[in-house]
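No hydrogens, no waters, no symmetry mates; every other heavy atom, side chains included, goes into these values. All chains are named by letter (A, B, ...) in the order of the sequence lines, taking the proteins before the strands, and each is independently numbered beginning at 1. Nothing here was measured: the structure is a model prediction, and the numbers come from that model.
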Amino acid sequence: MSTPHEAAQLHSRLLGWFAEAARELPWRGGATPWGVFVSEVMLQQTPVVRVEPVWHEWMRRWPTPTALAAEAPGEAVRAWGRLGYPRRALRLHAAATAMRDEHGGEVPPTEAELLTLPGVGVYTAAAVAAFAFGERTTVVDTNIRRVLARARSAQQYPAPALTRAELALAASLVPEDREEAATWNVAVMELGALVCTARSPQCDACPIADLCAWRLAGSPAHDGPPRRGQAWHGTDRQARGALLAVLRESDGPVTRAALAAAVPDEVRRERCLDGLVSDGLVEPLARGRFQLPGASQAGPAPERAVEAPAVPEPAEARYAG
DNA sequence: AATCCGTGGCG
DNA sequence: TCGCCAAGGAT
């Protein structure tokens, strides 16, 4: 498949490029393991530019796992803002609680322990072990999958799901040296994020363009089955987002009427509300009111519920049904 | 294994 | 304009 010489060439090219071109991100170099952990969860399916300001705010408010664990989970959901997939905020809070209760208030340093935490899968466990603790792991994210698919498999895009072959390929390329391995993982990710992008790869700026199997094959177009996008308009995800936005932006409990303004369709609204409650993202109160979970223990209970706005928000800000 | 889960920017 | 995409995880 590949010779040791080819692998060594890849290593020196990529590591050299990374030393020159790497972004200075706040969770790189100098961040605590907790800071790295929070960044990795926030970065799951969310771009760096949107994560940065929220990450700073979280580090200011909750500099340690114990600090976050002491808060109501609803505060984590509120501070999550519009990063998307708010269950991640809940899982981050649960992970902080587990760190406090089972790991002496620290981020556990091994992949195996990290994997037991809520919201931590194979990628995040490897990434935290590598980037926070310098472990020699095999990190495989969407960037690395795409870079390796092109550079080594002559494919424009990787398969829909991670395959054994991909994992084996990624593992075979991780340098033996511990420090070099950690840098390798972040360097391949960075190449995928900045140069070897999904839409319009900047092959002219690529340090391994002359070694890239996809380029050498003439940059053939993707031939597999068409990649399915996710529906959005008229979905429960859209409605859940609209409902949670109302809760986030309100200081206290919210009436059902206020939620009805966000999602007019009653059947969908009630179904999504039930889902949010069973997910732990929303807490039902008496008399048809709702709030973010555990809000009452974070401070004095607000006296007055927020009523439905007299003037509806612009239609595009609401769930249209 | 296939689906579900948010949000916003860009080509 | 609109589909695609972004440091995935859980079921």
*Asks:* At under 4.0 Å, does any side-chain N or O of A:R146 touch on OP1 or OP2 of C:dA6?
*Replies:* yes
*Asks:* Using a distance-only test with no angle check, is there a side-chain donor-acceptor pair under 3.5 angstrom linking A:R237 and A:Q230?
*Replies:* yes
*Asks:* OP1 or OP2 of C:dG8 versus the side-chain N and O atoms of A:Q45: is any pair under 4.0 Å?
*Replies:* yes
*Asks:* In whole angstrom, give me the gap between the P atoms of C:dG9 and B:dG8.
*Replies:* 22 Å
*Asks:* In whole angstrom, give me the gap between the P atoms of C:dA6 and B:dA1.
*Replies:* 23 Å
*Asks:* Distance check needed: C:dG8 P versus A:R237 CZ, whole Å only.
*Replies:* 15 Å
*Asks:* Given B:dG6, C:dC5, C:dA7, which nucleotide is nearest the side-chain atoms of A:T46?
*Replies:* B:dG6
*Asks:* Does A:E106 CD have over 12 foreign heavy atoms under 6.0 Å away?
*Replies:* no
*Asks:* Under 4.0 Å from OP1 or OP2 of C:dC5: is there any side-chain N or O of A:T197 that close?
*Replies:* no
*Asks:* Which whole-number value in Å describes the distance from A:D274 CG to B:dC5 P?
*Replies:* 14 Å
*Asks:* With heavy atoms under 4.0 Å as the rule, sort A:W80 into base, sugar-phosphate or nothing.
*Replies:* nothing
*Asks:* Base, sugar-phosphate alone, or nothing: which one does A:L162 contact when heavy atoms must sit under 4.0 Å apart?
*Replies:* nothing
*Asks:* In whole Å, I'd like the distance from the CD atom of A:Q44 to the P atom of B:dG6.
*Replies:* 13 Å
*Asks:* What does A:S39 touch in the nucleic acid at a heavy-atom separation under 4.0 angstrom: a base, only the sugar-phosphate, or nothing?
*Replies:* nothing
*Asks:* Looking only at atom P, what distance separates C:dA7 and B:dA2, rounded to whole Å?
*Replies:* 24 Å
*Asks:* Could you pick out which residue, A:R199 or A:R50, lies toward the 5' side of DNA chain B when each is mapped onto its nearest nucleotide?
*Replies:* A:R50
*Asks:* Describe, in one word, how the ring planes of A:F37 and A:W34 are oriented to each other, choosing from parallel (under 30°), tilted (30 to 60°) and perpendicular (over 60°).
*Replies:* parallel
*Asks:* Students often get this wrong, so: under 4.0 angstrom with heavy atoms, is A:L83 touching a base, only sugar-phosphate, or nothing?
*Replies:* base
*Asks:* For a quick check of understanding: with a heavy-atom distance under 4.0 Å over all strands, which category does A:A127 fall into, base, sugar-phosphate or nothing?
*Replies:* nothing
*Asks:* Starting at atom CG of A:D279, determine the distance to atom P of B:dT3, rounded to an integer number of angstrom.
*Replies:* 20 Å
*Asks:* Please determine whether a side-chain nitrogen of the Lys or Arg among A:R23 and A:E52 lies less than 4.0 Å from a carboxylate oxygen of the Asp or Glu.
*Replies:* no
*Asks:* Specify the separation, in whole Å, of atom CD of A:Q230 and atom P of C:dG3.
*Replies:* 14 Å
*Asks:* Reading DNA chain C from 5' onward, which residue's closest nucleotide shows up sooner: A:R91 or A:L43?
*Replies:* A:L43
*Asks:* Toward the 5' end of DNA chain C, which comes first, A:L115 or A:A193, by nearest nucleotide?
*Replies:* A:A193
*Asks:* When the distance from CZ of A:R268 to P of B:dC5 is rounded to whole Å, what number comes out?
*Replies:* 10 Å
*Asks:* Please report the distance separating the P of B:dT3 from the corresponding atom of C:dC4, rounded so that it comes out in whole Å.
*Replies:* 16 Å
*Asks:* Give one of base, sugar-phosphate or nothing for A:R271, where a contact means two heavy atoms less than 4.0 Å apart.
*Replies:* nothing
*Asks:* Of the listed nucleotides (B:dG6, C:dC4, C:dG8), which one gets closest to any side-chain atom of A:T142?
*Replies:* C:dG8
*Asks:* Atom CG of A:L281 to atom C1' of B:dG6: distance rounded to whole Å?
*Replies:* 11 Å
*Asks:* Under 4.0 Å, heavy atoms only, any strand: does A:G84 hit a base, just the sugar-phosphate, or nothing?
*Replies:* base
*Asks:* Between A:T124 and A:Q44, is there a side-chain donor-acceptor contact under 3.5 Å, judged purely by atom types and distance?
*Replies:* yes
*Asks:* Taking the six-membered ring of A:Y157, is the NZ or CZ of A:R150 close enough (under 6.0 Å from the centre) and on axis enough (within 45°)?
*Replies:* yes
*Asks:* Quickly work out the A:W232 CH2 to C:dT1 C1' distance and round it to whole Å.
*Replies:* 18 Å
*Asks:* Side chains of A:L90 and A:D279: does their closest heavy-atom pair fall under 4.5 Å?
*Replies:* no
*Asks:* A:V139 near the nucleic acid: base, sugar-phosphate alone, or nothing, with a heavy-atom cut-off under 4.0 Å?
*Replies:* nothing
*Asks:* Any side-chain N or O of A:R240 below 4.0 angstrom from OP1/OP2 of B:dG6?
*Replies:* yes
*Asks:* Just checking A:V122: base, sugar-phosphate only, or nothing, at a heavy-atom cut-off of under 4.0 Å?
*Replies:* sugar-phosphate
*Asks:* By nearest atom, which of the nucleotides B:dC4, B:dT7, C:dA6 is closest to the A:R87 side chain?
*Replies:* B:dC4
